[in-house]
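Below is one structure, written out as structure tokens; the observations come after it.
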Amino acid sequence: MTEPLLPLEPGKLPRHVAIIMDGNGRWAKRRGLLRVRGHVAGMESVRVVTRLARRLGISHLTLFAFSEENWQRPAMEIRVLMALMRSYLHRELSEMRDNQIALKAIGDLSQLPEAVQRDLEQTIAATAEGARMVLTLALSYGGRSEIVRAVKTLSGDIAAGLLTPEDIDAALFCRYLYTADLPDPDLLIRTSGEYRLSNFLLWQAAYTELYVTDTLWPDFREDDFLKALEVYQQRERRFGLTQEQIEAMNATQPRH
Ligand code: FPP
């Protein structure tokens, strides 16, 4: 690992990093390879970034691994992606356990092939004690569907008399999302130069810092991740407040 251009300040690292891992297909095409070879190379970036996040003490990493729109891809590509998921889960289990990484998954997991669902359940159960970092894979995930699903469940609870409409506020609504147990992302990285959210964490990214790099996901390695963290540390997060209010808060509150 090379040193960052500027030293990272441990107290200013993001608690939660989310990543839209884009550009696998283009990476392969530029090399005259099948698209799926890009996904295979992208899996190595997943390993590298997860290791570095864990080493730096980032407590939550969420990866957009398969969107609900991705079901429309060619059947062969979907098959390879599902096989890669399984191989990743098998290969990484011991490293996750050794490094106290808890695996989670968000999305409509019922759409995944049964074998993938089973492997996911087993890995999630086997790593549940992991207290140092939560690695969340977004699989068959779509932000709008997540919100619609939350509204349906919430309406059901109102119809059942468990809640009244007056009880609803943003904090309560969050509890109905897949991400109920996760903090909102502080930093969202998107590779391969597209300036879009692509239906990822629509609710949760309300105040997230966005970082877009032209680097394609299979080329995104330690230096690229460190660069994104450095840029994040130079950002001024105001959450709609004035600079003076932020300075007053920083003077009275310890940073975490
Ligand atoms: C987007 O690139 C990437 C995906 C749809 C899949 C991401 C999968 C991996 C990184 C590999 C396996 C992941 C895990 C967690 C084991 P694209 O195919 O849309 O690229 P393009 O825009 O260049 O066509």
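Indexing begins at 1, ligand by ligand and atom by atom, following the structure's order. The basis for the numbers below is simple: all heavy atoms, side chains too, and nothing from hydrogens, waters or symmetry mates.
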Does Q122 have any side-chain hydrogen bond (donor to acceptor under 3.5 Å, both in side chains) partners at least two apart in sequence or in another chain, and if so, which?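 Counting only residues at least two positions away or on another chain, Q122 forms no side-chain hydrogen bond (donor to acceptor under 3.5 Å, both in side chains).
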
R86: partners by side-chain hydrogen bond (donor to acceptor under 3.5 Å, both in side chains), with sequence neighbours left out: D119

Side chain to side chain donor-acceptor pair (under 3.5 Å) between H39 and E77, intermediate numbers included: CA-CA 9 Å; H39 298 317; E77 184 171 341; 2.8 Å; yes

Could you give the N/O to N/O pairs under 3.5 Å linking ligand 1 and the protein, each with its distance?
unit_1, atom_1, unit_2, atom_2, d
ligand 1, 2 (O), G23, N, 3.4
ligand 1, 2 (O), N24, N, 3.4
ligand 1, 18 (O), R35, NH2, 2.8
ligand 1, 18 (O), R73, NH1, 2.8
ligand 1, 19 (O), D22, OD1, 3.4
ligand 1, 19 (O), R73, NH2, 2.7
ligand 1, 20 (O), G23, N, 3.3
ligand 1, 20 (O), N24, N, 3.1
ligand 1, 20 (O), G25, N, 3.0
ligand 1, 22 (O), D22, OD1, 3.0
ligand 1, 22 (O), R26, NH2, 2.9
ligand 1, 23 (O), G25, N, 3.3
ligand 1, 23 (O), R26, N, 2.7
ligand 1, 23 (O), R26, NE, 2.8
ligand 1, 24 (O), R35, NH1, 3.0
ligand 1, 24 (O), R35, NH2, 3.3

If you measure from the Lys or Arg side-chain nitrogens to the Asp or Glu carboxylate oxygens, is any gap between E44 and R47 under 4.0 Å?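 A salt bridge links E44 with R47.
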
E194/R26 ion pair, N-O < 4.0 Å: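 So E194 pairs with R26 through a salt bridge.
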
side-chain hydrogen bond (donor to acceptor under 3.5 Å, both in side chains) contacts in which one or both residues fall within residues 154-165, not counting sequence neighbours: D157-Y176, T164-E166, T164-D167

